[in-house]
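One structure is given below, encoded as structure tokens.
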Amino acid sequence: MISISNLKKCFGDNVVLKDISLQISKGSVVAMIGPSGSGKSTLLRCINLLTVPDSGVVDVGGQSIVFDGKKTALPKARDLAKFRSKTGMVFQHFNLFPHMTVQQNVMEGMVTVLKIPKQEARAAADALLQRVGLGDRADAYPGMLSGGQKQRVAIARALAMKPDVMLFDEATSALDPELVGEVLNVIRSLAADGMTMILVTHEIAFAKEVADQVIFMRDGVVVESGPPAIVIDNPAQEATRSFLSRFK
Ligand code: ADP
Ligand code: MG
């Protein structure tokens, strides 16, 4: 579903991604862990081209874009929107539209990008809100919701675009501890439904529970990757052990 080859990204002199290659198969859940500044967010952003890689190949669902180290032109606006719509991104800080109701937040992309008629989009939004346990909050504004509820709206909004892949960038890091569980439950149910997902997370126990593959990144490099039973429980690399020891 996703194939990344030889991805490189610098910000000025700062080499943030150093030759990253990885494959993610349909229906699998990948947890990406690693210290702050290791390039996890940049890698996620390169997958949906919120950040433009310097070089390498990004392939999502069979559509690949080659970055050749020179100034690669991004696809034209329509193709770019189409490429981006294959991935649904959920951010740490929700990024909901504050002046729109919960229902309007979920409908917005369906109406403006997918050109779904409003009646139909409204019904689909309500179904998605049910799915994330917020069927009764359609008319609320984001400001009236808890962080956990906001994040569930953000997940419903991303799902509304019918993405092939969901990308979560520390989706629970900004939440009060008592609200983390309700968001993890939604992610857990998506995993059970076979959604392909990449989760950047510091929830190591959760990563171990839901992930098929764990990727440990440090300093722009994939240090170690494999099943949680190896990478989390019995890592081969000292750097991975040292990182994980902070969570014990
Ligand atoms: P992580 O998500 O693992 O904490 P990031 O991908 O956010 O790491 O950041 C990796 C490195 O890239 C950091 O050194 C960060 O300062 C730098 N960086 C990220 N985004 C930008 C940007 N837009 N401009 C300049 N430097 C950036
Ligand atoms: Mg980050």
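Atoms within each ligand, like the ligands themselves, are counted from 1 in listed order. Below, all heavy atoms of this structure are taken into account, side chains as well, without hydrogens, waters or symmetry copies.
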For this session: Please check if atom CZ in Arg218 has more than 12 non-hydrogen atoms from other residues, nucleotides or ligands closer than 6.0 Å.
Result: no
For this session: Give the residue and atom name of whichever protein heavy atom lies nearest to atom 27 (C) of ligand 1, and the separation in Å to one decimal.
Result: Phe11 CD1, 3.2 Å
Exercise. Under 4.0 Å between a Lys/Arg side-chain N and an Asp/Glu carboxylate O for Asp59 and Lys86?
Worked result: no
Exercise. Are Ser41 and Asp169 linked by a side-chain donor-acceptor pair shorter than 3.5 Å?
Worked result: yes
For this session: Record the part of Asn14 in heavy-atom contact with ligand 1 below 4.0 Å; permitted values are side chain, backbone, both and neither.
Result: side chain
Problem set entry | Matching residue for Phe168 among Met89, Gln92, Met197 - test: side-chain contact (heavy atoms from CB on, under 4.5 Å) | Met197
Seminar exercise, completed: Counting from 1 in the order shown, the ligand 1 atoms closer than 4.0 Å to a non-hydrogen atom of Pro35 are 3 (O)
For this session: Measure the distance from atom 4 (O) of ligand 1 to every protein heavy atom, then report the residue, atom name and distance (to 0.1 Å) of the closest one.
Result: Gly37 N, 2.7 Å
Exercise. Cation-pi between Lys208 and Phe206: NZ/CZ under 6.0 Å from ring centre and within 45° of the ring axis?
Worked result: no
Exercise. In Å and rounded to the nearest 0.5 Å, what is the OG1 to CE distance from Thr201 to Met32?
Worked result: 11.5 Å
Problem set entry | Closest protein heavy atom (residue, atom, distance) for atom 9 (O) of ligand 1 | Thr42 OG1, 3.9 Å
For this session: Output the list of atoms in ligand 1 that are nearer than 4.0 Å to some heavy atom of Ser38, sorted by atom number.
Result: 1 (P), 3 (O), 8 (O)
Exercise. If only atom types and distance count, is the side chain of Asn105 paired as donor or acceptor with the main-chain N or O of Leu96 below 3.5 Å?
Worked result: no
Seminar exercise, completed: When distances are taken from atom 7 (O) of ligand 1, the protein heavy atom at minimum range is Ser41 CB, 3.7 Å
For this session: For atom 8 (O) of ligand 1, find the nearest protein heavy atom and state the residue, atom name and distance (0.1 Å precision).
Result: Gly39 N, 3.1 Å
Problem set entry | Selected option - heavy-atom contact closest to atom 11 (C) of ligand 1, from Leu17, Val16, Leu50 | Val16
Exercise. Looking only at protein heavy atoms, which one is nearest to atom 3 (O) of ligand 1, and how far off is it?
Worked result: Lys40 NZ, 2.8 Å
Exercise. Looking only at heavy atoms of Ser36, does any of them come nearer than 4.0 Å to an atom of ligand 1?
Worked result: yes
For this session: Return yes when at least one N/O/S atom of Ser41 is nearer than 2.8 Å to the Mg ion (ligand 2), and no when none is.
Result: yes
Exercise. Is the closest side-chain donor-acceptor distance between Asp126 and Gln103 under 3.5 Å?
Worked result: yes
